[in-house]
Protein chains: 2
Amino acid sequence: MTVTIYDVAREAGVSMATVSRVVNNNPNVKPQTRKKVFEAIERLGYRPNAVARGLASKKTTTVGVVIPDISNAIFAEVARGIEDIANMYHYNIILCNADKRKDKEIRVVNTLLEKQVDGLLFMGGTVTEEHLQAFKSANVPIVLCATTDEHGSMPSVDIDHESAAFDAVSALTGAGHRRIAMISGTLQDPSNGYARFQGYRRALEAAGIPYDESLVRVGNYRYESGVEAMKYFLELDERPTAVFAATDEMAIGAIHYIQDFGLRVPEDVSVISVDNTRMASMVRPQLSSVAQPMYDIGAVSMRLLTKLMKKEQVDQLRVILPHELITRQSVAAAR
Amino acid sequence: MTVTIYDVAREAGVSMATVSRVVNNNPNVKPQTRKKVFEAIERLGYRPNAVARGLASKKTTTVGVVIPDISNAIFAEVARGIEDIANMYHYNIILCNADKRKDKEIRVVNTLLEKQVDGLLFMGGTVTEEHLQAFKSANVPIVLCATTDEHGSMPSVDIDHESAAFDAVSALTGAGHRRIAMISGTLQDPSNGYARFQGYRRALEAAGIPYDESLVRVGNYRYESGVEAMKYFLELDERPTAVFAATDEMAIGAIHYIQDFGLRVPEDVSVISVDNTRMASMVRPQLSSVAQPMYDIGAVSMRLLTKLMKKEQVDQLRVILPHELITRQSVAAAR
DNA sequence: CTGTTAGCGCATTCAT
DNA sequence: ATGAATGCGCTAACAG
């Protein structure tokens, strides 16, 4: 049924070793025999079996990617960066959603390892001791992507979420705001959640503004939770004059609630966030936001992984990509 | 270095066949020996090699997915549907972006086939004769996902784009609009482009409205092209009173340009589109849009593929999922 | 219920 | 530059 390297060898009148050589572009083949082999391949419609090759060579040219949720625009962007670079180096990607759930994360890491991936890109929630355990049992390189572990024992590429939040809030304090609310993500989340909250607190502190916990609401990153939080803030006796949201979606929810409430953005309330997704410029007023190079995070981490897989020298095992404040129209000076 | 099934067999004092049996949950093993084997596995830290298994069994429990662009929210949603169902049936996904470019599409189909995937989900642009050729050379099932071929020779799951556009435009004619513009996608694209354009024309016709080609602009699906098109329409001597956009993003661009121009939506100009992405309810006014069940398209196509891979009986080789008009605030009666 | 024996399709020595 | 032989780690008859 299926045509194998052996069939090709017979058809071309050579040995399977020779066929293997031409298929793998080994230069040690006379052009003439190479031609013969190619013709036989053509005639028979031979297609190399990558699984057999993988078993024999112990290389599959595929890497595993564990991702929280591919339907989330942020991660999808990272994934695209990964795949583009992977493609460039002739790797394929096995993609697994793990929803930031530890059990699922560890499970997929193991099945990926069983599939003999040549390397692993891990994008997830908190990296726990158990994760490290699973990683250690791998004999292929693993790099953390858009996550970091506390110990700093793993290769990783990420941005500095704390500092990104700091910059966003500083834009607010810099504009003279003193009563600044935050719509946070869950504090259990180390990157989107806790780190951004910390950046908020540090920026407040740097501006000499006391922390007021009644000015912080925890959302779930989504639009609706942005409007909910804003609703709460606007009912406060002393309303905030500015709001920092941990994600664009929540910021947009906040903007819309402010507007529906009869107030104006940014004249009455300034809004800023971090993510700078496409949506940021698709709202009115356009949203100021800290841009995170998600595509690049994917691309750089995949590039790093290729180096590790090829055992090349790498100078930077832990890379932090720069973020950038994109100023649009949602922030005004405090009155 | 690596511990194999043979090592486990020796450690447990059984044959490799027995180890294979317990690993594969074959019931024909005495509970006692099963226990012994599990202990040996534990002690040695044995991890089954899926590549070797794949070679021996001719099944890899992985399916290939070719997708236009994972960073596009629409496709990412489909991908999530695919992965969820795949997971449920213990398949993994190899994901390849092909940007709707024929050469790339055919190339990845071939490498996926080389990797011995058990099945293939194809999401792309036009399915040409060359595609069919490549598909035919596969000896695994393939289903088209969010695409169809003209001949109808392939299993597929999709929505009826023409009818979706028809419904959207009919909502406009139903509201009394006669001067209805369209912001189309490229007409070369069979689903998002041409089919939606055809639906527009048919709805016009059904309402007895003559087709006016000056009322159609071709965009690139993105926000900016929506504002560009709207700019053109509002400069017309006789402005449209309603606009149908082929995607939410273009619709939102149109809405914003209308508002920036000093007109109101929907009072002055009604806007409707198809896609119903999350963004539709994240604009003001909220956008009426025809919902396409992207997640379901992914889920159903993967489910169909599993049936095909298991050679189960399937009653419907070509399924069309229903769409639904979601009425929000962007359409008003014509004055 | 368990063990023996062949491959699966290919890369890779080692010769020649 | 080419061929012969071996084994990668596992499943799948088959035998018992």
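Predicted model only: the values in this text are computed from it and were never measured. We name chains A, B, ... by the order of the sequence lines, and we start the count at 1 in each one.
- In this structure, NZ of A:Lys35 is placed 18 Å from C1' of D:dA1, rounded to the nearest angstrom.
- By the side-chain hydrogen bond (donor to acceptor under 3.5 Å, both in side chains) test, A:Lys30 is found to be paired with no residue, residues two or more places apart in sequence or in another chain being considered.
- Residues B:Asn72 and B:Tyr221 bring no donor and acceptor atom of their side chains to less than 3.5 Å of each other.
- Looking at heavy-atom distances under 4.0 Å, A:Ser20 makes contact with a base.
- What separates OH of B:Tyr6 from P of C:dA6 is a distance of 16 Å, to the nearest Å.
- Protein atom CG of A:Asn26 is 12 Å distant from nucleotide atom P of C:dT13, rounded to whole Å.
- Under the side-chain hydrogen bond (donor to acceptor under 3.5 Å, both in side chains) rule, A:Lys100 has a single partner from A:Thr147, A:Thr126, A:Asp189, which is A:Asp189.
- Taking a 4.0 Å limit (strictly below) on heavy-atom distances, residues 38-49 of chain B does not reach DNA chain C anywhere.
- Atom CG of A:Asn92 is separated from atom OG1 of B:Thr62 by 9.5 Å, given to the nearest 0.5 angstrom.
- Scored by the side-chain hydrogen bond (donor to acceptor under 3.5 Å, both in side chains) test, B:Glu114 finds no partners at all (sequence neighbours excluded).
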List, one per line, each side-chain donor-acceptor pair under 3.5 Å for residues 6-22 of chain A, sequence neighbours excluded.
from    : atom 1 : to      : atom 2 : distance (Å)
A:Asp7  : OD1    : A:Arg10 : NH2    : 3.2
A:Asp7  : OD2    : A:Thr4  : N      : 2.8
A:Glu11 : OE2    : A:Arg43 : NH1    : 2.3
A:Ser15 : OG     : A:Ala17 : N      : 3.4
A:Ser15 : OG     : A:Thr18 : N      : 3.4
A:Ser15 : OG     : A:Thr18 : OG1    : 3.4
A:Ser20 : OG     : A:Asn24 : ND2    : 3.4

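- Residue pairs meeting the salt bridge (charged side-chain N to carboxylate O under 4.0 Å, His left out) criterion with at least one partner in residues 145-157 of chain A, sequence neighbours excluded, are A:Asp149-A:Arg318.
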Restricting both atoms to N or O, compile the protein contacts to nucleotides 2-4 of chain C shorter than 3.5 Å, with distance only.
from  : atom 1 : to      : atom 2 : distance (Å)
C:dT2 : OP1    : B:Thr33 : OG1    : 3.0
C:dT2 : OP2    : B:Lys30 : N      : 2.7
C:dT2 : OP2    : B:Thr33 : OG1    : 2.8
C:dG3 : OP2    : B:Ser15 : N      : 2.9
C:dG3 : OP2    : B:Ser15 : OG     : 3.3
C:dG3 : OP2    : B:Thr18 : OG1    : 2.7
C:dG3 : N7     : B:Arg21 : NH1    : 3.4
C:dG3 : O6     : B:Arg21 : NH2    : 2.5

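- Listed by first and then second residue, the salt bridge (charged side-chain N to carboxylate O under 4.0 Å, His left out) pairs that reach into residues 49-72 of chain B are A:Arg80-B:Asp69, sequence neighbours excluded.
- In the model, A:Gln188 has a side-chain atom that pairs as donor or acceptor with a side-chain atom of A:Thr186 under 3.5 Å.
- Nucleotide D:dT2 holds its C1' atom 14 Å from the CD1 atom of A:Ile5, rounded to whole Å.
- Comparing the axis of the opening five pairs of the helix from C:dC1-D:dG16 to C:dT16-D:dA1 with that of the closing five pairs yields an angle of 30°, rounded to 10°.
- Within the structure, ring-ring contact (aromatic ring centres under 6.0 Å, His included) pairs that include any residue of residues 99-129 of chain B comprise B:Phe122-B:His131, B:Phe122-B:Phe135 (at least two apart or interchain).
- C:dA11 atom P lies 17 Å from atom CD of A:Gln116, rounded to whole Å.
- In this structure, B:Asn25 places its CG atom 14 Å from P of D:dA12, rounding to the nearest Å.
- Partners of B:Asp103 by salt bridge (Lys or Arg N to Asp or Glu O under 4.0 Å), not counting sequence neighbours, listed by chain and number: B:Arg101.
- DNA chain D lies under 4.0 Å from at least one heavy atom of each of the following residues of residues 52-59 of chain A: A:Leu55, A:Ala56, A:Lys58.
- Note on residues 27-86 of chain B: no pairs pass ring-ring contact (aromatic ring centres under 6.0 Å, His included), not counting sequence neighbours.
- Under the 4.5 Å side-chain criterion, counting only non-hydrogen atoms from C-beta, B:Met309 is in contact with B:Tyr91.
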